[in-house]
Amino acid sequence: MLDTPIEFLKGVGPQRAETLQKELHIFRYRDLLELYPFRYIDKTRFHKISHLRHDLADVQIVGKIIRIKEEGVARKKRLKAVFEDETTSMELVWFKGASWVKKSLKVGEEIVVFGKPTLYNGTFSISHPEIESLEAHKKSLVTAMQGVYPSTEKLGVKSLHSKGIAKLVHDLLEQVASYIPETLSLEIRKEYKLISKREALLNVHFPKSEALLAQAHRRLKFEEFFFIQLSMLKLKQHKKETYISYPFTNIGEHFNEFYKEQLPFELTNAQKRVLKEIRMDVASGKQMNRLVQGDVGSGKTIVALMVMLMAKDNGFQACLMAPTEILATQHFQGLKEMVEAVGMKMALLTGSVKTARRREIHADLESGELDILVGTHALLEDKVQYKNLGLAIIDEQHRFGVSQRSKMWKKNQRPPHVLVMTATPIPRTLAMTVYGDLDISLIDELPPGRKPITTVHKTDQHRLSMFHFLKQEIEKGRQVYIVYPLIEESQKLDYKDLMDGYESICRNFPQPEFQVSVVHGRMKPEDKEFEMARFVKGETNIMVATTVIEVGVNVPNASVMVVESAERFGLSQLHQLRGRVGRGAEQSYCILMSAKKLSPDAKFRLKTMVATQNGFEIADADLKLRGPGDIMGTRQSGVLNLKIGDILKDSKILQYARKIAGDVLENDPSLSSDENRPIYKEYMRAHHNKMQWSNIS
Ligand code: ADP
Ligand code: MG
């Protein structure tokens, strides 16, 4: 019944059906039932015309039309009606469908007008209002709260603005109420005191009371999150059952030797825990699909290395892919000594590796001469073939697309284990939804001895004292980053800002006392590398750069990060940039320079940066500011097209639903018990429509 095409609903027909499909994606009865009001108005509350304000949303006014007039000609024709109540009068205006509307208006009849008032030349008007006779209004007053539905201009022309839609929903519910199946088990409903699906739908559209509306919302949000989580968990379960990889059962000489002889420090408890989680995955025989989230500086690299040693001890090769050439190079250089110390071979493959060397690498990979390959996207090329790839590690994954991840899978007969590392923490609730089918590990602890970074926000008037401060730090032997924004649309301007800034730095920090490096997007890769290398080696004191240094770069002696035009950076970028300092034992500083006048959002971002250094708190603030759709890579995944739930506001219900979905699957993995029959049926039905989910990762 609920799958009946919408055109068969009384009052719809083919033409309105087409508009409903195009404008609101409503194809079937059930889609209309799931078009929920986005707010409710109090139907018993009326406004007086003389009390209207332009900032009011939709209002209801009782009055009479006293005059109707048509203005303009042909396609510019519009219909105006003078409408008055006991206080004064205003205009009602129609730009479309004038002749049709005109027939339906009756002068002198008591009516209720509904719409948003706008102020023009000192008089109020409502365009395309909804109109109902006072009598009909009283009759339809089943409840004080009336849902307001999303509508569009095109629907409005077909008399399907909010009230028109409400009427369709009303008629539909009358017809199908007894066919609405329950989708949750009785046990869950009892335990969590959830009203039935049917009662929830009736009350979300036509609330009998505020209390029932709240219960309807709770039930429908729970259900929405529950089935998303159920699918995610099912998918995870399915992957675990289906994808067999190469089991790493041994902990052998390379791992042990490194752990006992080479490891330059004690691992943090968080690192140890994550390594154990990974070890369980790779030893299981199933393919590992794990996301390691760790704040900047939490020590993900060493964890990556130790997993690569596990691969070697079991006779497999490993690769490590980074999003930029600089990062890949740094990984390579940072790992080289440790890898060689345990007698293993590693190579670096990036776009700028010369053909002859490239051929050598390809050959050594295929012969098994090489144990580890570090590089950029170049690793994904078809020519890169391994003797026996067992592990692929992807650093800073948000820069890679889904299809790239899947290429990794085909580099051996069975898919290699996949470890994804990201330094952009995303809030737990979002991770649950977006990466719900991956296992997630958290490195939620920084290595000991790190001093908190002192963060300050300054404006141009403090520039001289800022320079003075930099000189003091440089005298102590520290190095300094000065970063300029680079945003695509205004590259030219940014380039000028950067070069002006660079010149001013050179003037204020003259040679030979000071040495200044510069790195920006217009330089040739080899020049970039050269400048970067000078800074890494400590030959230059200051690195002036655009955001190319954003992720991953590790220069422990650099203790000051100055961000110019900081108001133009997003929160997670600022957090990443700040993460470039505070890597050594010294007290580090982050100085955010901005204009004096700031937008409220920019103010909030800079304030957040000054207030906290916790990546997860920053991620939460970021989510609040931008909404989930804008966080890296989530838009495409489709899992965020929620009908009623809100990841941010309803995070409690979401976490709850996740837990319960987990419990249900644990007790009844195939959902075959009588108790879970309603869940199984709904899952199968929804799944049938959403097969594309299974390809997210
Ligand atoms: P990120 O997680 O940002 O990639 P890195 O792996 O670059 O962090 O580590 C940051 C720094 O911390 C490196 O210099 C690394 O050698 C050091 N480090 C990592 N783990 C520890 C530890 N357990 N104790 C002390 N220093 C550590
Ligand atoms: Mg890193």
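Residues: numbered from 1 along the sequence shown. Every number for a ligand or one of its atoms is a count from 1 in the order of the listing. Only a predicted model underlies this, so the values are computations on that prediction, with no experimental measurement involved.
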Looking at Phe514, I'd like to know if its CZ atom is crowded, meaning that more than 12 non-hydrogen atoms belonging to other residues, nucleotides or ligands lie closer than 6.0 Å. yes
Report, in ascending order of atom number, the atoms of ligand 1 lying under 4.0 Å from any heavy atom of Gln271. 19 (C), 20 (N), 22 (C), 23 (N)
Find the distance between CE (Met466) and OG1 (Thr459) and round it off to the nearest 0.5 Å. 10.5 Å
Hey, could you give me the CD/CG distance between Glu277 and Leu442, rounded to the nearest 0.5 Å? 8.5 Å
Got more than 12 heavy atoms from elsewhere within 6.0 Å of NZ, Lys387? no
Decide yes or no on salt bridge (Lys or Arg N to Asp or Glu O under 4.0 Å) for Lys407 and Asp382, but give the supporting numbers first. CA-CA 9 Å; Lys407 272 192 188 161; Asp382 291 336; 5.9 Å; no
Are more than 12 heavy atoms from other residues, nucleotides or ligands located less than 6.0 Å from atom NZ of Lys272? yes
Could you list which atoms of ligand 1 come closer than 4.0 Å to a heavy atom of Thr268? 23 (N)
Looking only at non-hydrogen atoms, which of Gly582, Pro264, Gly299 approaches atom 8 (O) of ligand 1 most closely? Gly299
So, is Pro448 polar-close to ligand 1, with some N/O to N/O distance under 3.5 Å? no
Numbering the atoms of ligand 1 from 1, which are under 4.0 Å from a heavy atom of Ser298? 2 (O), 8 (O)
Taking distance alone, with N or O pairs closer than 3.5 Å, would you say Gly297 contacts ligand 1? yes
Which ligand 1 atoms does Leu267 reach within 4.0 Å, using its non-hydrogen atoms? 23 (N)
Numbering the atoms of ligand 1 from 1, which are under 4.0 Å from a heavy atom of Thr301? 4 (O), 5 (P), 6 (O), 7 (O)
Between Tyr246 and Phe316, what is the ring plane arrangement, given parallel below 30°, perpendicular above 60°, and tilted in between? tilted
Under a 4.0 angstrom heavy-atom cut-off, which atoms of ligand 1 come close to Arg583? 3 (O), 7 (O), 10 (C)
Going by heavy atoms, is Pro556 under 4.0 Å from ligand 1? no
Would you check whether Glu266 reaches within less than 4.0 Å of ligand 1, judged by its heavy atoms? yes
Taking all heavy atoms of Ala270 and all of Asp444, pick out the closest pair and write down the distance. CB-OD1, 3.7 Å
